[in-house]
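Structure first, then comments.
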Amino acid sequence: TISAMNQAGCMSGNATATVNAQPSAPVAPATSVTQPTCSNATATITVTSSTTGLTFSFDQGAYGAYPSTGYTTTTTGNHTISVRNDGGCTSGMATFTVNAAPACGGMLFTYTQGFYHGTGMGCTPNDGAMTAVKVIQRALQNMGGQLYLGAPKASFTVNYGDAGKLQSIMPGGGKAGKLMGDYNLNSNYPPLKNGRISNVLLSQTITLALNVNIPNNALGVFKLQDGYLTTMTKSGSSCTAPAATCANGGSMSSLKITNNSTLMNLLKGKTVNDLLQMANQALAGVLPKGVSYDDISGAVDVINQSFDGGRYFVAYNSTQTTCSSTYVSARLSTINERQAVSKDQVTVTTNPNPFNDKVTFSINSTVSGNAVLNLYDVMGVKLATIYQGYISAGKLLINYNVPSNFRGTLIYTLTVDNMTTNGKMIRAK
């Protein structure tokens with residue numbers, strides 16, 4: 001209240017005003033991501049926490065009302081959302097990753113050099129299992145009856161009738177390099193060592209060319225990105241079996257295409273066909289600046305391994321991901337896990353577990369620091385960042401509405417500074 005008195009000693013009435021409490025910063029929003037699919041390259045980001053009385057900034061843009069259908073983007077990689085309340089206070093950033101869309105056509109097929117030398121059977125997209133020499137023949141037939149690599153004076157030619165001869169000189173090895181002449185499997189074999197191709201770039205490029213040209217294989221248009229190319233085996237022995245999971249005995253491959261940043265920048269957003277063309281040019285002696293023959297041979301080898309025997313694309317992950325690093329380690333814990341990497345410092349539990357659609361995360365920490373609580377599926381694919389921000393020592397409860405499309409067993413991971421703990425939760429049937 002404020003009042004006034006004049007010189008005569010007369011008092012005014014009281015004027016009243018209200019001072020509000022200092023507003024506090026809102027918590028970073030909880031989000032979920034619907035990743036791109038084969039038929040839809042657009043990711044949808046949904047804020048799963050409250051949106052009432054808040055404005056939102058997507059990728060540090062202007063603050064505005066939250067769109068009722070969520071945010072959409074076709075840009076892969078890391079993105080952010082922050083919120084601002086009526087008091088003008090802003091939250092920390094919620095971060096999440098948008099994966100590249102998987103290649104259309106479902107399962108992709110590759111084989112390694114060793115398969116093409118052997119007598120075993122391998123699956124193909126539409127023709128079922130067949131011998132290695134038959135796969136070679138079908139690929140050559142799909143190329144018009146001839147594989148030609150390199151350029152004049154630095155080339156290698158294989159004709160349909162030479163499939164058996166090609167099989168006999170695989171797998172290759174030796175030093176990666178350009179071709180020093182025009183080679184074929186009739187009058188002028190390429191240099192051999194112990195009866196095998198002695199230029200690993202040549203043998204790996206032959207292998208990739210065969211893989212790309214397996215009839216009805218969508219490998220050639222598969223997009224390349226930075227990170228660890230992670231794939232999952234099919235379930236069962238059928239050539240058309242759906243993808244397995246870590247929970248039912250599946251196996252992951254997780255390989256980085258190259259550690260050469262120059263080469264990765266050249267390949268980022270390109271396709272396997274582009275990589276094959278680069279390898280083809282390297283055989284003719286044409287190399288990008290800052291890239292070696294070994295770099296290209298290694299990248300080709302990664303593709304030849306990643307879909308070996310028929311596999312499904314999972315994601316490009318920021319770290320190497322295997323079933324043993326995701327599902328297996330998580331299932332060793334009880335459902336209501338209280339494990340912490342650093343004993344008695346950080347724990348997180350969930351209630352209820354099994355859950356229906358709502359769950360409460362209970363965090364106990366003896367230290368303060370920056371915290372991130374992420375949610376993954378059992379294959380290691382990140383589904384959502386539930387919380388990101390500073391926490392004080394003590395107990396913190398976080399309520400979370402689990403999106404209906406998050407099925408089965410889910411893995412949560414809490415990191416506070418350099419300490420990490422994880423657990424799992426199961427949706428009730």
Side-chain angles (χ1 to χ4, degrees), residues 41 74-78 97-101 103 108 110 112-113 143 147-158 170-184 190-191 193 197-213 218-231 253-307 313 315-320:
T74 57
T75 304
T76 60
N78 294 329
T97 301
V98 172
N99 299 329
L108 300 179
T110 61
T112 60
Q113 296 189 68
M143 289 182 257
L147 167 62
Y148 180 86
L149 296 174
K153 299 183 180 180
S155 68
F156 177 72
T157 304
V158 180
M170 299 284 280
K175 186 177 179 179
K178 68 177 182 179
L179 298 174
M180 304 306 293
D182 293 316
Y183 303 108
N184 55 57
K193 183 176 181 180
I197 297 172
S198 63
N199 181 341
V200 68
L201 175 60
L202 174 60
S203 58
Q204 289 288 6
T205 306
I206 291 170
T207 302
L208 183 59
L210 294 173
N211 289 333
V212 165
N213 285 283
L219 178 68
V221 297
F222 180 77
K223 286 190 175 181
L224 306 177
Q225 298 290 344
D226 201 359
Y228 289 86
L229 170 54
T230 304
T231 61
S253 168
S254 189
L255 301 171
K256 199 166 188 177
I257 293 174
T258 180
N259 289 316
N260 183 322
S261 59
T262 300
L263 177 57
M264 191 65 251
N265 286 334
L266 291 172
L267 293 175
K268 195 178 299 182
K270 300 296 182 62
T271 66
V272 171
N273 279 330
D274 294 315
L275 173 59
L276 178 58
Q277 181 59 26
M278 183 182 291
N280 191 45
Q281 292 175 338
L283 289 173
V286 179
L287 280 177
K289 185 177 179 180
V291 177
S292 70
Y293 293 109
D294 284 332
D295 291 331
I296 296 176
S297 178
V300 171
D301 183 33
V302 168
I303 300 301
N304 287 334
Q305 292 186 58
S306 291
F307 298 96
F313 172 67
Y316 283 101
N317 292 327
S318 58
T319 58
Q320 193 168 36

Next item on the list: With rounding to the nearest 0.5 Å, note down the distance linking CD1 in I303 to CG in L229.
Entry: 5.5 Å
Next item on the list: Taking side-chain hydrogen bond (donor to acceptor under 3.5 Å, both in side chains) as the test, write out the residues that go with S306, two or more places apart.
Entry: none
Margin query: Which residue in the set T112, V300, T231 passes side-chain contact (heavy atoms from CB on, under 4.5 Å) when paired with Q305?
Written below: T112
Notebook entry, point to check: Considering only heavy atoms from C-beta outward, does the side chain of L202 approach that of P190 to under 4.5 Å?
Noted result: yes
Item checked: Value rounded to 0.5 Å, distance of CD in Q225 from CD1 in I257 -> 8.0 Å
Note to self: Assess, by modelled atom type and distance only, whether the side chains of T262 and N265 contain a donor and an acceptor separated by less than 3.5 Å.
What the structure shows: no
Next item on the list: Check the side chains of Q113 and N304 for a donor-acceptor pair under 3.5 angstrom, ignoring hydrogens and angles.
Entry: no
Next item on the list: Might you point out which heavy atoms bring A151 and A284 nearest each other, and give the distance in Å?
Entry: CB-CB, 3.7 Å
Note to self: Nearest 0.5 Å, please: how far is CE in M170 from OG1 in T207?
What the structure shows: 3.0 Å
Notebook entry, point to check: Looking only at atom types and distance, does a side-chain atom of S155 sit under 3.5 Å from a main-chain N or O of P152, one as donor and one as acceptor?
Noted result: no
Checklist line | Minimum heavy-atom distance I206-L147, with the two atoms named | finding: CG2-CD2, 4.2 Å
Next item on the list: For the residue pair D294 and S297, confirm or rule out a side-chain donor-acceptor distance under 3.5 Å.
Entry: no
Checklist line | Check: N317 side chain, T319 main-chain N or O, donor-acceptor pair, under 3.5 Å | finding: no
Check: Does the N184 side chain pair with the main chain of T157, one donor and one acceptor, at a distance under 3.5 Å?
Finding: no
Next item on the list: Look at atom NZ of K256 and say whether more than 12 heavy atoms of other residues, nucleotides or ligands are closer to it than 6.0 Å.
Entry: yes
Check: What are the two closest non-hydrogen atoms of L283 and G177, and how far apart are they?
Finding: CD2-O, 4.0 Å
Notebook entry, point to check: What is the distance from atom CG of L108 to atom CG of L219, rounded to the nearest 0.5 Å?
Noted result: 6.0 Å
Margin query: Under the criterion side chain to side chain contact (heavy atoms under 4.5 Å, CB included), I'd like the reasoning laid out for D274 against Q277: C-alpha separation, chi angles, the key distance, then a yes or no.
Written below: CA-CA 5 Å; D274 294 315; Q277 181 59 26; 5.6 Å; no
Next item on the list: Can you sort out the partners of S254 under side-chain hydrogen bond (donor to acceptor under 3.5 Å, both in side chains), two or more places apart, ordered by chain and number?
Entry: T230
Check: Can you check whether G290's main-chain N or O pairs, donor with acceptor, with N260's side chain at less than 3.5 Å?
Finding: yes
Note to self: To check you understand the geometry: which heavy-atom pair defines the closest contact between Y316 and K223, and what is its length?
What the structure shows: OH-O, 2.7 Å
Next item on the list: Measure across Q320 and L255 and return the closest heavy-atom pair with its distance rounded to 0.1 Å.
Entry: NE2-CD2, 4.5 Å
Item checked: Shortest non-hydrogen contact from G220 toward V212 -> CA-CG1, 4.1 Å
Checklist line | M278 CE to T205 OG1 distance, which is reported to the nearest 0.5 Å | finding: 11.5 Å
Check: So how far is it from L266 CG to L224 CG, rounded to the nearest 0.5 Å?
Finding: 11.5 Å
Item checked: Stepwise side chain to side chain contact (heavy atoms under 4.5 Å, CB included) check, L210 with M143 -> CA-CA 9 Å; L210 294 173; M143 289 182 257; 4.2 Å; yes
Check: Within the side chain of D301, is there an N or O that forms a donor-acceptor pair under 3.5 Å with the backbone of G298?
Finding: no
Checklist line | Sidechain-backbone polar pair: N78 side chain, T97 backbone, donor-acceptor under 3.5 Å | finding: no
